[in-house]
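All figures in this text were calculated on a predicted structure; none of them were measured in a lab. So you know, we letter chains A, B, ... as the sequences are listed, proteins then strands, and number each from 1.
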Amino acid sequence: MVKFSIFASLIKAMSIALSEQEILRRESLQQLRELGINPYPAEAFNVTAFAQDIKDNFESNPDTYQNVVLAGRIMTRRIMGSASFAELQDSTGRLQVYLKRDDICPGEDKTLYNTVFKKLLDIGDYIGIKGYVFLTQTGEISVHVRELIILSKSLKPLPVVKRDEEGNIHDGFTDPELRYRQRYVDLTVNPEYKQIFIKRSKVISSMRDYFNTQGWIEVETPILQPVHGGAAARPFITHHNTLDMQLYLRIANELYLKRLIVAGFDGVYEFGKMFRNEGMDRTHNPEFTSVEIYVAYKDYIWMMAMVEACLEHVTRAVHGIPVVQVGENEINFEGPYTKLSMYDSILKYTGIDVSAMDEAALRKTCADLGIEIDDTMGKGKLIDEIFSAKVEANLIQPTYITDYPIEMTPLAKKHRSKDGLVERFELFVNGKEIANAYSELNDPIDQRQRLEEQLILAGRGDQEAMAMDDDFLRALEYGMPPTSGLGIGIDRLVMLMTNQHTIQEVLFFPQMRPEKKAKVVTTDDFVKIGVPAEWVPVLNKMGFNTVEELKAANPNKVFNDLGGMRKKLKLEITMPVKDVVMAWFV
RNA sequence: GAUUCCGUAGCUCAGCCGGUAGAGCAUAACACUUUUAAUGUUGGGGUCCUGGGUUCGAAUCCCAGCGGGAUCACCA
């Protein structure tokens, strides 16, 4: 282009913060409008076919694909004069399309092909096509385009991921930070990751189906809670203005679901987000999804069988078989699972019998095993430390660990026959806990005592000790039937089901630190001190994002640099005279 | 929170013992009517994360900060 149009120059002046490719796309956008083409049409575009379906079924049934309508993003283009190939990506996959100039431009006017398709469309643009499916000379199923419609112009260039014939990826979009912060880009250019989220959805929906089939009902309980109960963890704190009171984001929903059992439901369950104000790593996100279910007149023995049936159902729904490959291990979710008591598991993997030890003996055992402990830890916590350090990693196939010490489990019923233990199990798979269940404590007097013991632990400095919940105790005093309850960490279950080893890969939007925010650029502030609006982006480009930064600079140097920038950026805007520039600094 | 590695073009990455920036893809122009990691020719594109320090000179060396990854600690 010999000369910028006024418009192009204006775009350029306003877009100095943009990359070259972004500026070009904005110019293409404007040229489309000048040609009378709306780059963002309002009308619905009804598709009749999908990429994957065409690839699967065209060859066995070619006649049904002689008139297809598809929509999606242009992902690659191979232009050869008056004919071109492009790849269109829809929600199901990619399909090659073939465009021939004289087919999409049957008349004299070849603008749609020569200008719109070849010059003004880019990778990432949404288009709709109408045409027929055929086989190219090299045997690839393709759509011969008869009609081309622009559905949405993309202004930022997508990363281009190249794949060769063997499926090797060459210029992958792999930076985890960018992938998690811009999941929309990740899933566009790495569509294979969509499978993780499709499976995630299947895990939840198949589990919901299973529960509903049993006649249990799905409920919703408060996320904002005046007392955070039901688990041991530090909460997020918030404030309600009208009530002028502190509220907590729930760390668990257990105590509310039990209130509903008191209310007379036989089975209630809730899928939902829980919030814990603790560390983040590859198995922890501050908000995570769990499912909890409570069933009246059952105990934890019954619950084990239920979990086996449920997880087998889920695994079959996701994989077709009850077996899933996780890293090196092939994990089989068919029940019954191995059962091992907490004490027996420690005996098995360390050779030490801790069942009769007091707190002092446990402390010595931890020291002997080289396990770090501190003074706030009670007997239950010490046993848990030994278990975590020595046993957990060995539990690869689904294994129930049962009968926990009473000190670490204030909401579970005392064991029917073993003193000092509670009726509890946790399910371990691939070395990680994924489920936790009790015969729920329904003796209100016992429950009050246990919560009071937690208060003592809190007094010793345990920030995760449970809080007293008087309303929950009141509910128990009215009477809760014998009940078994279960919680499953959905994110971790999905990690297992999709063979992922970080939680970030199974969350669409994992928690991240906020992006560094560019200082707010306020054109108005610059205009107020006399800077012409079209020069503000130039000052920004020179590194002056606020009036204060500008005023701190050397006026003569700024004046000289403005001229330099004008030349460098080939701007066709009027250079302010020196006196005007000097006036900015008074 | 601790340790450690990383931050260079839209993306993936080189850049040595300090001398003012490179490749592939993407992008622009031209050619090309069945290509497919299309091809050929010629271009353009950079706050080398930020701020200090050392130096005649810093993407490079040193310090601090910001962001991310990995491992550990806490937790589910």
Paired with [N]: which nucleotide, if any, by Watson-Crick or G-U wobble criteria at under 3.5 Å for both distances?
N: rU4(B); value: rG69(B)
N: rG19(B); value: rC56(B)
N: rU27(B); value: rG43(B)

*Considering residues at least two apart in sequence or located in another chain, which fulfil the side chain to side chain donor-acceptor pair (under 3.5 Å) criterion with Arg73(A)?*
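So Arg73(A) forms a side chain to side chain donor-acceptor pair (under 3.5 Å) with Tyr126(A).
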*Has the side chain of Thr174(A) got a donor or acceptor that lies under 3.5 Å from a partner of the other kind on the base of rU12(B)?*
no
*Please evaluate the base of rU35(B) for a donor-acceptor partner in the side chain of Gln137(A) within a cut-off of under 3.5 Å?*
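Under the 3.5 Å cut-off, the side chain and the base do not form any donor-acceptor pair.
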[X] near the nucleic acid: base, sugar-phosphate alone, or nothing, with a heavy-atom cut-off under 4.0 Å?
X: Asn285(A); value: base
X: Thr502(A); value: sugar-phosphate
X: Gly489(A); value: nothing
X: Glu287(A); value: nothing

*Which whole number of Å gives the distance between the P atom of rA9(B) and that of rU47(B)?*
8 Å
Atom pairs under 3.5 Å: protein N/O with N/O of nucleotides 28-30 of chain B:
| unit_1 | atom_1 | unit_2 | atom_2 | d |
| --- | --- | --- | --- | --- |
| rC30(B) | OP2 | Lys119(A) | NZ | 2.6 |

*Please identify each residue that fulfils side chain to side chain contact (heavy atoms under 4.5 Å, CB included) with Lys432(A), with sequence neighbours left out.*
Arg282(A), Thr283(A)
*asked:* Taking only side-chain N and O atoms of Arg513(A), does any of them lie within less than 4.0 angstrom of OP1 or OP2 on rG68(B)?
replied: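 Indeed, a polar side-chain atom of Arg513(A) lies that close.
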*For Arg78(A) and rU35(B), is the shortest distance between a side-chain N/O and OP1 or OP2 below 4.0 Å?*
no
